[in-house]
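Both backbone and side-chain heavy atoms feed into the values below; hydrogens, waters and symmetry mates do not.
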Amino acid sequence: MTNPSRRVPRRAILRSMKRALSGYLAACVTLVAVLSSSGADPASRLEVYSLGTGDAESAKEAVEAMLGDGADVIVDRTGRLMVIGTDQDHAKVADLVDKLTVRPVNVRIDVQFLGSSSSSRDAAGVSGGGSVIVRNGKVNSSFVLKPELESRKTTLTENVGQQLMVMSGRQGFLQVGERVPYIDWLVDYGYHGGYYSERIMWENVGSYLVVEPLVLGDGPMIRIRLTPELKGLVDGNPYRVSYSKVATEVVVNDGESLRIGGSAENREFYSRFLVGVDASSRQKALDILLTPHIIKPSAR
């Protein structure tokens, strides 16, 4: 038998979608009716213009300034321009919007994890040897015992590379470690820095760097903002906190490398944050090298 309770969320989602679509269409119809009743040219028609990742409000002001008083322009919920005008108006708007449209630009970031991992082993034991001699019914034994102590530490250097593709102005994530060795120190740092209102107990917490590249103009300069972040569970619920006060922001050229671990600012924080533990429980001290490359969209 089908459980009716499983159908409720699905129906609720469909109802919400219908309401949203109906509301959007009603807004369009109302807009056309109101503008038509306000004395708009009968030859006017509605056109919708997409601006890519451009600023819709700035574009709206530019279109209104170009068309003059009485321009009928609004911004819809998705950041597009809705314009009512004549064919001549739309020819002007189309040309202006083409210049204002910001087409998505991707930034490929080559990442190198330069670091070392270590493991240690301490052991104690006893080794020795001897003999047992039976002579004339008597047993004589002789043993030599030697205690042994072993302390072994293995250090490995590694250079692991990967690539991260992020749209200009958006966010990407780099995982520093699956577990955080200095979580108590970082929690205290966050508590005293105002990130937490009370002390919390993390579970399954990992450390990440949020990477936000932004291409300045047409390049080649790229602004990169790096924000340390912890993600995990608190009381069994997903939780994340960004250490925005120690975020790093730099401007580099296309193809120029940026080293994170050697940053002098907030050195104590990063010296503890850029240490992670991998799946094999090895502790890793990291120095991360980022090299961004602008990937421009192909011509239309």
Side-chain angles (χ1 to χ4, degrees), residues 1-21 23 53 77-79 107 109 111 113 115 117 119 160 162-214 224-249 260-261 263 265-286 288 290:
M1 178 179 293
T2 304
N3 186 353
S5 63
R6 295 184 178 178
R7 296 197 296 268
V8 174
R10 186 175 181 182
R11 290 176 179 174
I13 292 173
L14 291 175
R15 284 197 299 269
S16 298
M17 292 175 64
K18 288 180 180 178
R19 282 197 299 267
L21 181 59
T53 58
R77 295 179 180 177
T78 61
V107 178
I109 301 177
V111 185
F113 292 95
S117 61
S119 60
V160 180
Q162 62 176 262
Q163 288 184 344
L164 183 68
M165 187 73 76
V166 188
M167 182 183 295
S168 176
R170 302 294 177 85
Q171 293 183 344
F173 296 87
L174 289 177
Q175 185 178 36
V176 176
E178 297 181 24
R179 285 185 288 156
V180 185
Y182 298 103
I183 184 62
D184 291 337
W185 187 93
L186 293 171
V187 168
D188 286 339
Y189 184 95
Y191 176 74
H192 294 296
Y195 293 98
Y196 314 117
S197 58
E198 60 183 17
R199 296 182 186 274
I200 60 176
M201 297 296 294
W202 285 93
E203 306 168 51
N204 302 325
V205 57
S207 51
Y208 296 79
L209 278 173
V210 182
V211 184
E212 299 176 81
L214 178 65
I224 297 181
R225 181 177 175 83
L226 301 167
T227 306
E229 184 172 282
L230 297 178
K231 290 196 291 187
L233 300 176
V234 176
D235 295 329
N237 298 312
Y239 195 84
R240 58 187 287 188
V241 59
S242 296
Y243 290 83
S244 55
K245 294 180 182 178
V246 293
T248 300
E249 188 172 294
I260 300 174
S263 175
E265 190 174 3
N266 302 307
R267 181 181 295 276
E268 184 180 11
F269 175 88
Y270 281 97
S271 67
R272 296 176 184 270
F273 185 84
L274 295 179
V275 175
V277 175
D278 62 17
S280 61
S281 298
R282 291 184 307 168
Q283 182 170 302
K284 301 183 297 180
L286 294 176
I288 302 177
L290 305 180

Looking only at heavy atoms, which two atoms of [X] and [Y] are closest? And how far apart?
X	Y	result
G276	P181	CA-CD, 4.1 Å
E203	V234	OE2-C, 4.2 Å
P228	A247	CD-CA, 4.3 Å
Y191	S197	CE1-O, 4.0 Å
S244	R225	O-NH2, 3.9 Å
P213	V166	CD-CG1, 3.7 Å

>> Under the criterion side chain to side chain contact (heavy atoms under 4.5 Å, CB included), I'd like the reasoning laid out for L226 against V210: C-alpha separation, chi angles, the key distance, then a yes or no.
In response: CA-CA 6 Å; L226 301 167; V210 182; over 6 Å; no

Compare all side-chain heavy atoms of [X] with those of [Y] and state whether any distance is below 4.5 angstrom.
X	Y	answer
I260	T248	no
D188	R199	yes
V176	F113	no
V187	L230	no

>> Holding to side chain to side chain donor-acceptor pair (under 3.5 Å), I want the full list of residues that pass it with S242, two or more places apart in sequence or in another chain.
In response: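 Side chain to side chain donor-acceptor pair (under 3.5 Å) list for S242, sorted by chain: E229.
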
> Who pairs with Y189 by side chain to side chain donor-acceptor pair (under 3.5 Å), at least two apart in sequence or on another chain?
Replying inline: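 In terms of side chain to side chain donor-acceptor pair (under 3.5 Å), with neighbours along the sequence ignored, Y189 is linked to no residue.
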
Please report the interatomic distance [atom1]([X]) to [atom2]([Y]), rounded to the nearest 0.5 Å.
X	Y	atom1	atom2	answer
I224	L290	CD1	CG	6.5 Å
I109	Q162	CD1	CD	10.5 Å
Y182	S207	OH	OG	12.5 Å
L164	Q171	CG	CD	11.5 Å

> Considering residues at least two apart in sequence or located in another chain, which fulfil the ring pair (Phe, Tyr, Trp, His ring centres under 6.0 Å) criterion with Y239?
Replying inline: W202

> For V246, does its backbone N or O pair with a side-chain atom of Y270 as donor and acceptor, under 3.5 Å?
Replying inline: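 Yes, the answer is positive, given that a donor and an acceptor are paired below the 3.5 Å cut-off.
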
> Are K245 and F269 in a cation-pi contact, defined as NZ or CZ under 6.0 Å from the six-membered ring centre and within 45° of the axis?
Replying inline: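 Pair K245/F269 does not count as cation-pi.
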
> How are the rings of Y208 and F173 set to each other: parallel, tilted or perpendicular (split at 30° and 60°)?
Replying inline: perpendicular

